[in-house]
Visitor: 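Provided herewith is a single structure, encoded as structure tokens, for subsequent inquiry.
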Amino acid sequence: MTDVIARLAATVAARRGADPASSHTATLLAKGPAKAAQKFGEEAVEAVIEATRGDRTALAAEAADTLYHLLVMLTASGVTLEDVCAVLEAREGTSGLAEKAARAVPPTIERATTPEALARCLAVRTEVFVAEQGVSVAEERDGRDGEAEHWIAHRGRTTLAAARVRMVGDDAKLERVAVVRAARGTGLGAELMRRMLADLAAREGLVAARLNSQISALGFYERLGFVAEGPEFLDAGIPHRSMVRALAG
């Protein structure tokens, strides 16, 4: 049963960036996250209606439509089925009340200024980039950590996300933004970015924030005000595009 969902998710993901004329899924994805979310909402309402009517066959059909449009919305937003499953796995064995209480405590987001905090940042990056994405250790550890400022998001002793920023002339270069699987889809990555951007915007002399985004994460950064520029390129074998966002004003 789960194989069917995984195959559907893979099919939807494969349509991202395809010619809208080639398939209905490509057409939906080309319209962006907002339209995909609207369509998901419409299908969810249809499922609710059938549930209240008590028609099991119709409900199963509407639920299938809703699941499909959920996957389209996730893909359009740069969230994978694996990201969702990771959150579910992290919640296994924890009561709903305990899990909700834990999430009620906001994570701490701050500069990583000690060797111990930096080590925790590097551990998250290794988990995300090396273990999950197959980037080599040599590429991930590029020798520039010593010239960078590092940020960490954590809840107590549990590290949830990390990032670094380097000053390049009048610009700030945001790099190595990594969020552990269990924290994806919670808004933590966006909050980490907003905190970093606010800190940079308050500094004198910085004009713009720049980053190189994986193609799958373009939508995430666009919602934070970044604009893609230039052609697609490979970094560590992964397709990227450069993005920029003004800081002044």
Side-chain angles (χ1 to χ4, degrees), residues 1-20 22-48 51 59-94 96 99-100 102-103 124-135 153 158 160-161 177-193 213-224 236-241:
M1 179 171 60
T2 55
D3 288 343
V4 173
I5 298 174
R7 290 197 300 272
L8 177 59
T11 298
V12 171
R15 299 292 188 269
R16 187 182 178 98
D19 182 356
S22 65
S23 75
H24 177 62
T25 301
T27 299
L28 291 173
L29 290 171
K31 294 179 179 179
K35 188 64 177 179
Q38 177 186 337
K39 187 62 178 174
F40 167 71
E42 293 172 357
E43 295 297 336
V45 170
E46 292 294 332
V48 170
L59 175 57
E62 292 296 342
D65 290 342
T66 302
L67 179 58
Y68 162 73
H69 284 283
L70 171 62
L71 293 173
V72 171
M73 180 180 67
L74 291 173
T75 300
S77 301
V79 178
T80 68
L81 181 60
E82 288 77 13
D83 294 335
V84 177
C85 290
V87 175
L88 292 174
E89 288 174 357
R91 294 176 181 175
E92 284 184 330
T94 302
E99 191 274 332
K100 186 174 182 180
R103 281 192 293 150
V124 168
R125 286 164 41 182
T126 299
E127 177 183 338
V128 173
F129 298 125
V130 178
E132 291 185 26
Q133 300 184 1
V135 176
T158 302
L160 303 171
V177 181
V179 180
V180 300
R181 279 183 178 271
R184 293 173 199 162
T186 65
L188 176 61
E191 183 59 25
L192 171 61
M193 289 292 298
S213 169
Q214 295 186 14
I215 296 301
S216 61
L218 286 176
F220 169 78
Y221 291 114
E222 286 171 347
R223 290 190 292 278
L224 290 166
I238 302 172
H240 284 69
R241 284 192 71 188

Visitor: Any sub-3.5 Å donor-acceptor pair from Thr27's side-chain atoms to Pro20's backbone N or O?
Guide: yes
Visitor: Please report the interatomic distance CG(Leu70) to OG1(Thr66), rounded to the nearest 0.5 Å.
Guide: 8.5 Å
Visitor: So do Val179 and Val128 actually touch side chain to side chain, heavy atoms under 4.5 Å?
Guide: no
Visitor: Apply the test side-chain contact (heavy atoms from CB on, under 4.5 Å) to residues Ile238 and Val135: give CA-CA distance (whole Å), side-chain angles for both, the deciding distance (0.1 Å), then the verdict.
Guide: CA-CA 9 Å; Ile238 302 172; Val135 176; 4.0 Å; yes
Visitor: In terms of ring plane angle, is the pair His24 and His69 parallel, tilted or perpendicular, where the classes change at 30° and 60°?
Guide: perpendicular
Visitor: Which residues pass the side chain to side chain donor-acceptor pair (under 3.5 Å) test with Thr126, sequence neighbours left out?
Guide: Arg141
Visitor: Can you tell me how far apart CG (Leu192) and CG (Leu160) are? Round to the nearest 0.5 Å.
Guide: 10.5 Å
Visitor: Give the minimum heavy-atom separation between Ala161 and Leu188, together with the two atoms involved.
Guide: CB-CD2, 4.1 Å
Visitor: Which heavy atom of Ala47 sits nearest a heavy atom of Leu59, and at what distance?
Guide: O-CD1, 3.3 Å
Visitor: Under a 4.5 Å cut-off applied to non-hydrogen side-chain atoms, are Arg15 and Ser23 in contact?
Guide: yes
Visitor: With a 4.5 Å heavy-atom cut-off, do Tyr68 and Leu28 have their side chains touching?
Guide: yes
Visitor: Work out which heavy atom in Leu224 is nearest to a heavy atom in Ala190; give both atom names and the distance.
Guide: CD2-O, 4.1 Å
Visitor: Over all heavy atoms of both residues, which pair between Leu29 and Val72 is shortest? Give the atoms and the distance, please.
Guide: CD2-O, 3.6 Å
Visitor: What pair of heavy atoms forms the shortest contact from Met73 to Ala36, and how long is it?
Guide: CA-CB, 3.8 Å
Visitor: Could you pull out all residues at least two apart from Glu222 that satisfy salt bridge (Lys or Arg N to Asp or Glu O under 4.0 Å)?
Guide: none
Visitor: Mind listing the side-chain donor-acceptor pairs of residues 214-221 below 3.5 Å, one per line with the distance, residues two or more places apart or on another chain?
Guide:
{"residue": "Gln214", "atom": "NE2", "partner": "Gln133", "partner atom": "OE1", "Å": "2.7"}

Visitor: Quick check: closest heavy atoms across Phe129 and Val177, and the distance to 0.1 Å?
Guide: CZ-O, 3.5 Å
Visitor: So, taking the atom named CZ in Phe40 and the one named CG in Asp65, what distance separates them when rounded to the nearest 0.5 Å?
Guide: 12.0 Å
Visitor: Got a sec, which residues hit side chain to side chain donor-acceptor pair (under 3.5 Å) with Glu127, two or more places apart in sequence or on another chain?
Guide: none
Visitor: Can you list the residues that meet the salt bridge (Lys or Arg N to Asp or Glu O under 4.0 Å) rule with Glu132, with sequence neighbours excluded?
Guide: Arg181, Arg184
Visitor: Could you tell me the separation between the CG atom of Leu8 and the CG atom of Leu81, rounded to the nearest 0.5 Å?
Guide: 9.0 Å
Visitor: Who passes side chain to side chain donor-acceptor pair (under 3.5 Å) against Ser77, sequence neighbours left out?
Guide: none
